[in-house]
Amino acid sequence: MFKKIKRKIKQQLGSLILPFWPQGLYYFGFSGHVIIEATNSCNLRCRFCPTWQSMKRAKGFMSLENFKKIIDQDGGIIKNIDMNFAGEPTLNPDVFKMVKYASQNGINVLISTNTTLIQNFSFAEIFDSGLKSLIVCLDGTTAEVYLQHRQGGDFEVVKENIKKLCEEKKKRQLEFPIISLQFVVTKNNEKQIPEIIKLAKDVGVNNLNLKTLSLGSFVDLGKKLELAKEYLPNDNEYSRFEIKDDKVSLKSRPKYCSWLRQTVIFWNGDVTMCCYDYNGDMTVGNVFTGGGLKAVLKSAKYKKYRKLAIKRQLKLCQNCNLTSDYGKTIRFN
């Protein structure tokens, strides 16, 4: 409760002060949280994902060598890394080597995976990497419902992979990684919430995230209304949107964007300032050609875009799905 109140106060003060903040100071306040894209390729075609529906930038994989360059050059300002963005991180065969290198340099790493390919890595690679958080996704308790969202997936393989990961972690008596099962709540699967709670307990995950559905920032407003009527759950507790007068809007929107203090590095080293910028339209520089992450964050272009983002004047801001309410987390142990 105290953390929520503190966050609200910071949001309120930030929304009042930041629009008048001198542009030259926009680098300060960087949280140290970075998304590093292991790849922007994926083996699934999830219903609301832009990767296969609208992403135009070239597909590729970050090399282990280039990942190490980022850490060696700017590891001192990086505290937390999410090893995923527009693709499935376990498609990159070096992803857990990257995790290990970052962990050895004192950086906490999170991976979110569709869990269809994680069996291609040994338990030693996964559990000896120093990974702090692992999000495993399962949006249904039956194959029929799961495949309505995770097109191309294999329900039984994913379920078995999650179970084996939890068993191995228990066998090794490890505290980390914290394993969280993510269940994106839709109209199609909301009746399975009691079943996914039981399944999550049975397989032994630490947390169950009942996550609200994003309708896709790449979707125009007319299509978004159509998708909202078809897919938003009936239980309002598990929806970040509301529909009024045939208009879709967020129920709870942050006073200012949290990505003012975070950033994204694509597989090729390009840096964008927005977590919804799948096409790199807001690219502000490149860590490999621009002198490293810190140099990019201090660049004139970065500061200019930050100022526009504070005032929500960027094109991406107009159709943003960033919310203050991502759903409900149930903790088991």
Side-chain angles (χ1 to χ4, degrees), residues 1 3-8 10-12 14-15 33 35 46-51 53-54 82 84-86 110 112 114 135-140 145-146 148-150 180-194 196-197 200 207-262 264 274-278 309 312 314-331:
M1 180 61 74
K3 285 184 179 179
K4 286 185 178 180
I5 294 171
K6 186 179 177 182
R7 192 181 306 119
K8 283 185 178 180
K10 285 173 71 177
Q11 285 272 330
Q12 191 66 45
S15 66
H33 182 189
I35 287 178
C46 297
R47 182 64 186 85
F48 296 92
C49 180
T51 296
Q53 297 184 75
S54 65
D82 293 354
N84 44 271
F85 186 60
L110 173 149
S112 179
N114 60 37
I135 297 175
V136 290
C137 302
L138 188 67
D139 305 311
V145 171
Y146 166 80
Q148 289 174 12
H149 182 61
R150 301 278 174 177
S180 301
L181 194 159
Q182 178 178 289
F183 182 89
V184 178
V185 183
T186 68
K187 190 175 288 186
N188 297 330
N189 67 14
E190 63 181 317
K191 289 182 179 178
Q192 294 187 333
I193 288 176
I196 198 66
I197 293 172
N207 305 314
L208 170 63
N209 299 332
L210 298 170
K211 188 179 178 182
T212 57
L213 175 68
S214 169
L215 293 172
S217 59
F218 65 99
V219 177
D220 65 46
L221 294 176
K223 184 67 173 176
K224 189 169 283 189
L225 176 63
E226 182 184 326
L227 291 172
K229 289 179 177 179
E230 185 176 357
Y231 288 101
L232 289 185
N234 293 310
D235 189 339
N236 199 43
E237 180 183 3
Y238 298 108
S239 176
R240 70 177 70 175
F241 298 98
E242 58 186 359
I243 304 174
K244 286 185 179 178
D245 302 321
D246 270 350
K247 291 183 180 178
V248 183
S249 59
L250 288 168
K251 293 191 302 182
S252 178
R253 193 180 189 188
K255 292 287 185 181
Y256 70 87
C257 179
S258 61
W259 284 90
L260 295 170
R261 303 187 64 230
Q262 305 169 72
V264 181
C274 177
C275 65
Y276 281 108
D277 186 18
Y278 296 97
R312 300 189 192 275
L314 293 169
K315 186 178 179 181
L316 278 170
C317 299
Q318 309 314 309
N319 203 23
C320 179
N321 291 327
L322 193 69
T323 181
S324 303
D325 183 10
Y326 282 94
K328 181 179 179 182
T329 296
I330 300 172
R331 292 180 172 81

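Values below: all heavy atoms of this structure, side chains included; hydrogens, waters and symmetry mates excluded.
Using a distance-only test at 3.5 Å, with no hydrogens or angles considered, no donor-acceptor pair links the side chain of S239 to the main chain of P233. Using modelled atom types, one side-chain atom of K251 and one backbone atom of N236 make a donor-acceptor pair closer than 3.5 Å. Judged by distance alone, the side chain of E190 and the main-chain N or O of D235 form a donor-acceptor pair under 3.5 Å. Side-chain N or O atoms of Q182 include none that pairs as donor or acceptor with a backbone N or O of K211 at under 3.5 Å.
By the ring pair (Phe, Tyr, Trp, His ring centres under 6.0 Å) test, Y146 pairs with F155, sequence neighbours left out. The side chain to side chain donor-acceptor pair (under 3.5 Å) search around N84 returns none, not counting sequence neighbours. Residues passing the side chain to side chain donor-acceptor pair (under 3.5 Å) test with S112: none are found, sequence neighbours excluded.
Note: K328 NZ to I193 CD1 = 8.0 Å, rounded to the nearest 0.5 Å. Between the CG atom in L208 and the CG atom in L181 there is a gap of 6.0 Å [rounded to 0.5 Å]. Atom CZ of F183 is separated from atom OH of Y238 by 9.5 Å, given to the nearest 0.5 angstrom. Note that CZ of R47 and CD of Q148 are 11.0 Å apart. Values are rounded to the nearest 0.5 Å. Atoms CG and CG, from L138 and N189 in turn, are 10.0 Å apart once rounded to the nearest 0.5 Å. Atom CD1 of I330 and atom CG of N207 lie 10.0 Å apart (nearest 0.5 Å).
Contact check for D139 versus N188: no side-chain heavy atoms found under the 4.5 Å cut-off.
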Legend entry - Evaluation steps, side chain to side chain contact (heavy atoms under 4.5 Å, CB included), between K187 and N234: CA-CA 6 Å; K187 190 175 288 186; N234 293 310; 3.9 Å; yes
Inset, instruction - List the steps, then state whether side chain to side chain contact (heavy atoms under 4.5 Å, CB included) holds for V248 with K229. - result: CA-CA 9 Å; V248 183; K229 289 179 177 179; over 6 Å; no
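Of all heavy-atom pairs spanning Q53 and C46, the tightest one is NE2-O, 3.8 Å. Of all non-hydrogen atoms in A228 and L215, the two that sit nearest each other are CB-CD1, 3.8 Å. Taking all atoms of both residues into account, the shortest heavy-atom contact from G140 to Q192 is CA-OE1, 3.4 Å.
Using cut-offs of 30° and 60° for the angle between ring planes, the F85 and Y278 rings count as parallel.
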